[in-house]
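Residue numbers begin at 1 in each chain, while the letters A, B, ... track the order of the sequences.
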There are 2 protein chains.
Amino acid sequence: MSRTSSKAVPAEASGVPVQPEIRSLSGTGSLSIAGVAEQAGVSVATVSRVLNGHENVRPATRDKVLAAVDASGYRVNELARNLRTAESRLLLTMVPDVGNPFYAEIVRGIDSVARQHGYFMLLCDTGADPGRERSYFDLLRRRRADGAICLDPATIQQALGEASHALPWVACCEFDPSVRVPYVGIDNYRAAGDAVRHLLARGHRRVGLINSDVDYLYARQRQQGYLDALTDAGIAPDPAWRMNLNSLDYEAGASAAVTLTQQTHAPSAIFAVSDTLAIGVIHGLRSVGKRVPDDVAVVGFDDISLAAQIDPPLTTIAQPMRELGETAARLLLQRLANPLANVPGVLLPHRLVIRGSA
Amino acid sequence: MSRTSSKAVPAEASGVPVQPEIRSLSGTGSLSIAGVAEQAGVSVATVSRVLNGHENVRPATRDKVLAAVDASGYRVNELARNLRTAESRLLLTMVPDVGNPFYAEIVRGIDSVARQHGYFMLLCDTGADPGRERSYFDLLRRRRADGAICLDPATIQQALGEASHALPWVACCEFDPSVRVPYVGIDNYRAAGDAVRHLLARGHRRVGLINSDVDYLYARQRQQGYLDALTDAGIAPDPAWRMNLNSLDYEAGASAAVTLTQQTHAPSAIFAVSDTLAIGVIHGLRSVGKRVPDDVAVVGFDDISLAAQIDPPLTTIAQPMRELGETAARLLLQRLANPLANVPGVLLPHRLVIRGSA
DNA sequence: GTGAAAGCGCTAACAT
DNA sequence: ATGTTAGCGCTTTCAC
């Protein structure tokens with residue numbers, strides 16, 4: 001022992017085994033509830049009661065315990081508590097891409113209500129990869145998380161649903177009606193229609209659609225909304241006006257825009273299903289010398305904070321991102337509190353925000 | 001009991017307490033390791049050995065166990081494992097703002113390395129609030145996380161450092177040299193100098209600085225780099241050219257730009273310490289009819305993916321965001337594996353990326 | 001190679 | 001109001 005210079009451990013130095021010292025060094029160096037109980041001269045049950053704010057504790061006793069906790073700097077070992085109470089107090093959130101500002105804002109909404117209810121959020125970026133998704137989902141079975149919020153494509157949810165409709169999870173933004181699971185989202189069909197009708201009202205007849213992968217329910221719904229809005233206006237949608245991308249990155253939107261406008265009878269307006277895509281579209285258009293909105297009008301989707309900052313400011317469909325996240329978290333918490341009650345699906349309102357791009 | 005229709009529980013129906021059935025339904029309905037052991041006809045120790053890939057198990061026995069696991073759909077309860085092994089396998093990441101694309105990319109780097117090593121990431125948005133920060137940090141003491149990566153301001157880190165230089169955490173981007181903790185970052189002083197020297201080379205003499213809060217170490221270092229670069233070029237920096245903001249939002253940059261260029265002898269170039277700020281600056285400039293880079297040149301910092309997409313494309317200092325995150329995670333893991341070894345601080349290279357804005 | 005049994009630190013009956 | 005005690009489900013000596 002090299003601790004001979006220490007002057008506060010005479011008993012230890014003399015070879016006598018001393019309970020308190022030993023106890024306080026147990027495990028990984030931190031004190032356990034038993035140590036606090038000892039220091040306070042009470043039982044572990046009483047310490048536990050004080051720690052958990054139970055009623056049946058005399059004020060004097062409570063003070064003794066609190067003093068001991070304070071003096072020792074004790075912190076409850078939540079690993080033990082979690083095992084005992086059989087809950088991890090963690091909420092799993094699965095996102096296709098944390099880097100997308102749209103998802104980032106939803107995640108914040110989730111996080112804020114989770115924390116408000118004593119839960120922490122385990123954030124997992126799935127990259128929309130079914131394999132990764134599935135392995136994350138397994139965290140529920142392994143009890144590492146109490147529940148999950150899934151923002152991934154409906155196709156994936158379907159697979160999850162089969163395997164585990166019994167597990168506590170809810171769908172956010174994406175949801176497959178055939179999977180019986182609580183969800184929150186918006187009316188993508190109507191929203192897309194609103195976007196297209198705005199373009200129509202501006203006099204456009206050839207309206208392009210830059211869509212994401214049809215794995216996403218929203219992609220299918222928005223496409224249908226786009227198609228029907230056009231048809232309703234007496235326009236026969238040309239398949240050449242449509243593109244499906246497997247990315248929402250700026251670059252993807254940029255090159256799609258170039259392709260789309262390079263053809264004869266090219267669209268005079270483009271509806272992109274994401275603001276990030278739309279921003280890329282504007283960039284791509286500019287790179288081939290087209291002016292927005294004069295040569296080509298552009299409308300996006302989401303209304304991320306960036307939308308108002310670019311040139312020209314983006315006309316877009318606003319989604320209540322924060323509320324989407326908050327609602328998802330609340331639905332999940334509700335499900336956790338009462339596993340039997342069947343939680344309803346909820347649709348939040350969207351809004352057309354008209355700026356300079358269309 | 002309403003389970004009379006079940007035909008597989010005769011003993012239970014006859015009132016005899018039966019271990020297996022009761023066990024397999026214990027807890028929250030899922031099977032425990034004891035149940036698997038029973039089904040496989042081995043002891044729990046053996047099941048545990050198989051599950052953890054230990055050597056000393058006969059192939060035949062291993063197969064029996066694996067079969068039982070498969071048949072029962074058993075999943076290990078990590079709450080129990082965590083208590084037993086005294087580790088949570090969670091890494092805490094504290095970020096001032098997940099919504100900022102710069103941090104989002106770093107977070108991805110952390111996550112990828114963490115997962116690669118069997119850890120999950122607990123992401124916490126602190127909003128740069130010392131109170132929230134401190135409470136998150138407490139998760140380490142409560143054993144909910146094994147280690148932490150802090151991207152928050154140095155002032156906060158200082159407070160944390162005092163309270164807990166013994167706790168396993170590392171600093172990323174922000175670090176206070178006086179706090180003895182492993183860190184990874186870039187040379188902000190030189191990077192800022194590079195940005196300013198680029199502007200100088202373009203013939204600018206009046207260079208403005210839009211900085212964030214001086215709570216941030218990077219803000220102080222970049223300001224010094226800016227000041228010294230100017231002075232070295234024989235220019236006396238005018239305090240009226242500088243602004244400090246407490247936000248990195250687009251809007252903050254926009255209004256700052258307006259203020260800065262509204263004065264007489266306004267800067268002909270602006271160095272903003274973040275791309276988000278710089279994008280706001282360009283927007284703000286445009287709103288008062290100034291052209292970039294003709295009337296005012298702009299250089300940003302970070303090189304988020306958006307930087308290349310806006311009009312004009314942003315000239316900026318690129319930070320290796322992904323590597324920053326990956327390195328931080330590796331440093332932390334290193335520290336966890338060997339608590340005694342003193343991990344060094346590491347500085348990663350930056351790079352001036354010249355595009356259209358300056 | 002396999003099993004029995006001791007705990008990890010906590011909460012919650014159940015006593016008193 | 002407080003104490004005693006039995007586990008939660010797992011890993012890990014220590015026997016055999």
Side-chain angles (χ1 to χ4, degrees), chain A residues 22-66 68-69 72 74-89 141-144 146, chain B residues 19-20 22-66 68-69 72 74-89 141-144 146:
Chain A
I22 288 168
R23 269 222 166 290
S24 72
L25 293 172
S26 77
T28 46
S30 64
L31 190 69
S32 81
I33 199 172
V36 177
E38 193 166 325
Q39 287 191 27
V42 299
S43 73
V44 293
T46 299
V47 176
S48 177
R49 286 187 192 103
V50 172
L51 257 29
N52 294 288
H54 291 197
E55 295 302 307
N56 318 327
V57 181
R58 218 168 18 150
T61 313
R62 172 182 309 275
D63 291 347
K64 264 196 306 187
V65 171
L66 259 18
V69 168
S72 63
Y74 167 80
R75 291 291 190 294
V76 65
N77 181 334
E78 302 207 20
L79 258 31
R81 172 183 286 174
N82 288 344
L83 172 59
R84 183 55 231 239
T85 60
E87 57 177 15
S88 66
R89 293 256 131 195
R141 293 202 192 79
R142 300 180 175 230
R143 317 245 142 218
R144 290 208 64 146
D146 293 338
Chain B
Q19 285 283 352
I22 288 170
R23 270 223 167 288
S24 73
L25 294 171
S26 75
T28 47
S30 63
L31 190 68
S32 80
I33 198 172
V36 177
E38 193 165 325
Q39 288 191 27
V42 299
S43 74
V44 293
T46 299
V47 177
S48 176
R49 287 189 192 102
V50 172
L51 258 29
N52 293 289
H54 290 198
E55 295 303 307
N56 317 328
V57 182
R58 225 172 5 153
T61 313
R62 172 183 310 276
D63 290 347
K64 265 196 306 186
V65 172
L66 258 19
V69 168
S72 62
Y74 168 78
R75 291 292 189 293
V76 65
N77 181 333
E78 302 208 21
L79 258 30
R81 171 183 287 175
N82 288 344
L83 171 60
R84 184 54 230 239
T85 60
E87 57 176 14
S88 65
R89 294 255 131 196
R141 294 203 193 77
R142 300 181 175 231
R143 317 244 143 220
R144 289 209 62 150
D146 294 338

Do [X] and [Y] have side chains that approach each other closer than 4.5 Å (heavy atoms only, starting at C-beta)?
X: B/Thr61; Y: B/Val50; result: no
X: B/Ser48; Y: B/Ile33; result: yes
X: A/Arg49; Y: A/Val42; result: no
X: A/Glu78; Y: A/Arg89; result: no

Tell me: [atom1] of [X] to [atom2] of [N], nearest whole Å?
X: B/Glu55; N: D/dT12; atom1: CD; atom2: P; answer: 15 Å
X: A/His54; N: C/dA13; atom1: NE2; atom2: C1'; answer: 12 Å
X: B/Arg62; N: C/dG1; atom1: CZ; atom2: P; answer: 11 Å
X: B/Asn56; N: D/dA15; atom1: CG; atom2: P; answer: 17 Å
X: A/Ile33; N: D/dT5; atom1: CD1; atom2: C1'; answer: 14 Å
X: B/Leu83; N: D/dT12; atom1: CG; atom2: C1'; answer: 14 Å
X: A/Arg49; N: D/dT4; atom1: CZ; atom2: P; answer: 11 Å
X: A/Arg89; N: D/dC8; atom1: CZ; atom2: P; answer: 21 Å

Using OP1 and OP2 only, check whether a side-chain N or O of [X] sits under 4.0 Å from [N].
X: A/Ser48; N: C/dT11; result: yes
X: A/Ser43; N: D/dG3; result: yes
X: B/Asn52; N: D/dT11; result: yes
X: A/Arg58; N: D/dT2; result: yes
X: A/Thr61; N: D/dT2; result: yes
X: B/Tyr74; N: D/dC10; result: yes

How is [X] classified with respect to the nucleic acid when contacts are heavy atoms under 4.0 Å: base, sugar-phosphate, or nothing?
X: A/Asn82; value: nothing
X: B/Thr46; value: sugar-phosphate
X: B/Asn77; value: sugar-phosphate

Exercise. Roughly how bent is the helix from C/dG1-D/dC16 to C/dT16-D/dA1 end to end, in steps of 10 degrees, with each end axis from five pairs?
Worked result: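 Rounded value for the end-axis angle: 40°.
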Heavy-atom closest contact ([X] atom, [Y] atom, distance):
X: B/Val69; Y: B/Leu51; answer: CG2-CD1, 4.1 Å
X: A/Val76; Y: A/Arg81; answer: CG2-NH2, 3.6 Å
X: A/Arg141; Y: B/Arg75; answer: CB-CG, 3.6 Å
X: A/Leu79; Y: B/Arg143; answer: CD1-O, 3.0 Å

Problem set entry | Any N/O donor-acceptor pair, B/Arg84 side-chain to C/dG9 base, under 3.5 Å |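 Looking at the base of C/dG9, it does not pair with any donor or acceptor on the side chain of B/Arg84 (distance under 3.5 Å).
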For this session: State whether the distance check finds a donor on one side and an acceptor on the other, under 3.5 Å, for side chain A/Arg143 versus base D/dG9.
Result: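 Such a pair does not exist between side chain and base.
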